[in-house]
Protein chains: 2
Amino acid sequence: MADLISLPALPDDERVLLLLGLLSAQERHGYEINDFISRQLGCVIDLKKATAYQLLDRLEQHALIASHPAQHGARPTRKVYRLTEAGHAHFLELLKARLAHEEVLILPGSVSLIFCEHLPAAERLMAAQERLAQLEARVAMQERLLELPGLPQSMKRPKTRLLALTRADLEWLRGWVGELERGEVAP
Amino acid sequence: MADLISLPALPDDERVLLLLGLLSAQERHGYEINDFISRQLGCVIDLKKATAYQLLDRLEQHALIASHPAQHGARPTRKVYRLTEAGHAHFLELLKARLAHEEVLILPGSVSLIFCEHLPAAERLMAAQERLAQLEARVAMQERLLELPGLPQSMKRPKTRLLALTRADLEWLRGWVGELERGEVAP
DNA sequence: CTCTAATTGGTCAATCTTGACTATTCAATA
DNA sequence: TATTGAATAGTCAAGATTGACCAATTAGAG
C-alpha cells in the first residue's frame, strides 16, 4: 500500500550515512552533531548547519531516528535524537552500499587549467606559484592534523586518504609549474 | 549609484569561468555548450543542462555575454551567445583568481570509511574489494581517454591531474584492502 | 559589577539545482 | 513508407541549500 502522504524520498548519500553513523554510537542533539562535524569533519564532508537540521527533521519523518525534548539548565530546549531499529538497519545497508561504491572524483580548480593559456605567461606563472604555495601549506597542515594525538583509527582513515590525494595533487602541480618555469608551455 | 533593480550577484565559481571560457574562443548556442560539456568535460566539472541554461541567462543579464537569435533550418530558434568586452575582462580576472586559488578537496566516499567497523569483517572486505575493482577500472578508463588522439593540450591538463589523483586513491585503497585481507583491522 | 565576545540552539526566506517534461526534426530500419 | 530511436533546443516546478538572522546564556576582561 502506497503512503497516503508520501514523503520526498531520502537522498541516498553520504550525509544521511554520516548522521545515522554519528547517532549509532550515542544519542546526540542537533547542535552537538553540527559542532562535531565542523570541528572534526570539516575536511571530510561539506555539510552545513542548516542542511543538517533539515536532514534530521527528514530522517525523523522517515522514522529512522526518534527524538525527545530535553531541557538543559535555562537554555533553549534541545531535541535529542537516537537511532530507531529501522534507522539502524538502514544505516548498515547504506554503509555497505557506499563502502562498495567508488564515487567519481570531480576536482575543483580544473577549469582554470583548461583556459590558462589565455593569461600572459608572467601572470600565469605567478598564479600557478601562488597555488603551489597554498597547496604546500595545506599538505603540511594535513600532516600536522594527522599527528595530533587521540585521533581514533576510524577518523584517521579518511584523513590519510585525503592526505594521499592532496600529496598527489601537489606532485602534479609541481610538475606543471616546473614546465611553466622552463617555458615549455605555449604562450 | 546603486542599481535600482539589483540582480543577484553572480557566483564566483568555476561554472562561470567555464561558460565564459567556452565563449571566448567562439560564439556558441546553449545546446552546443551543453553538448560539449557532457561529451568532453564530464569528468572535469559537474554542470547540468538546466543549470547551464539558467547561468547563461544570468550572464546575459549581467551583460557579460550577449545573444542573438538564429534560425537554423526548420529547427527551434537558438540563442547564439558571444562574450562582451566586460565579459572578456571578467573572464581574465576570474581566470587569474581561480588559477591562483587552490580549492579544498572534499573526497566523496570518505564517510563510509569512518564507520566501516560497524560491518561484519566479511561484508566489509567484500565491499572494499568491490570498490577496489571499480577504482581499477576507472583508472584504466582514464588512461585510455588520455591516449585518445586529438586531445588538445589544454584539455589534457585537467585529465592528467585527475588521473594522478585517481591513481593515488587507488594506491591508498590497495593499502587499506591489504590490511583488511591480512586481518590487521579491529573487528 | 558591567560590558563584550563567544557559545548555544536553532529557523527561514531567497536562491540554486535538477529530474522530468515538451516538442520538433532527422536518420535508419523494416 | 510507416515506425522507431536519437538528436536538437530548451523549460519548469518541486525540492535542496545556505547566508543571514534571532535570542538567550555564559565566560572573561577591565
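Throughout, a chain's letter reflects where its sequence line sits, starting with A, and its residues are numbered from 1. Remember, predicted model here, so these are calculated numbers, not experimental data.
In this structure, the side chain of A:Glu102 does not engage the main chain of B:Gln134 through any donor-acceptor pair within 3.5 Å. A donor-acceptor pair is defined here as one N or O able to donate and one able to accept, closer than 3.5 Å; no such pair exists between the side chain of B:His88 and the backbone of B:Leu20. With hydrogens and angles ignored, the 3.5 Å screen pairs no side-chain donor or acceptor of A:Ser67 with any backbone N or O of A:Val80.
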*Between A:Cys43 and A:Gln142, is a side-chain contact (heavy atoms from CB on, under 4.5 Å) present by the stated rule, with each step listed?*
CA-CA 9 Å; A:Cys43 56; A:Gln142 285 177 14; 5.8 Å; no
*Go through A:Lys156 and A:Leu146 one step at a time and tell me if the side-chain contact (heavy atoms from CB on, under 4.5 Å) criterion holds.*
CA-CA 7 Å; A:Lys156 229 170 199 168; A:Leu146 262 175; 3.5 Å; yes
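In the model, A:Arg15 has no side-chain atom that pairs as donor or acceptor with a side-chain atom of A:Thr51 under 3.5 Å. Looking only at atom types and distance, the side chain of B:Arg161 has a donor-acceptor partner in the side chain of A:Ser110 under 3.5 Å away.
Across D:dT17, C:dG10, C:dT18, the shortest atom-to-atom separation from the side chain of A:Thr51 is found for D:dT17. Looking at the side chain of B:Asp46, the nearest of the listed nucleotides D:dT17, C:dG10, C:dT18 is C:dT18.
Spacing between atom CD1 of B:Ile37 and atom P of C:dT17 amounts to 13 Å, rounded to whole angstrom units. One interatomic measurement links the two molecules: NZ of A:Lys48 to C1' of C:dC16, which rounds to 13 Å at whole-angstrom precision. Rounded to an integer number of Å, the gap from CG of A:Leu55 to C1' of D:dA16 is 11 Å. The distance between atom CG of B:Leu59 and atom P of C:dC16, rounded to the nearest whole Å, is 12 Å. Nucleotide D:dG15 holds its P atom 17 Å from the CG atom of A:Asp13, rounded to whole Å. B:Gln71 places its CD atom 12 Å from the C1' atom of D:dA9, with the value rounded to the nearest Å. Per the geometry, CG belonging to A:Leu47 stands 11 Å off C1' belonging to D:dT17, to the nearest Å. Rounded to an integer number of Å, the gap from A:Lys49 NZ to D:dA20 C1' is 10 Å.
Residues A:Gln54 and B:Lys79 each lie close to DNA chain D; by heavy-atom proximity, the contact nearer the 5' end of the strand is made by B:Lys79. The 5' end of DNA chain C is approached more closely, in terms of each residue's nearest nucleotide, by A:Arg78 than by the other of A:Arg78 and A:Ala50. Both A:Arg39 and B:Arg15 lie close to DNA chain C; mapped to their nearest nucleotides by heavy-atom distance, the more 5′-ward contact belongs to A:Arg39. Residues A:Pro8 and B:Tyr53 each lie close to DNA chain D; by heavy-atom proximity, the contact nearer the 5' end of the strand is made by B:Tyr53.
A heavy atom lying under 4.0 Å from DNA chain C marks none of the residues of residues 20-36 of chain B.
For C:dC16, one of the phosphate oxygens OP1 or OP2 lies less than 4.0 angstrom from a side-chain nitrogen or oxygen of B:Arg58.
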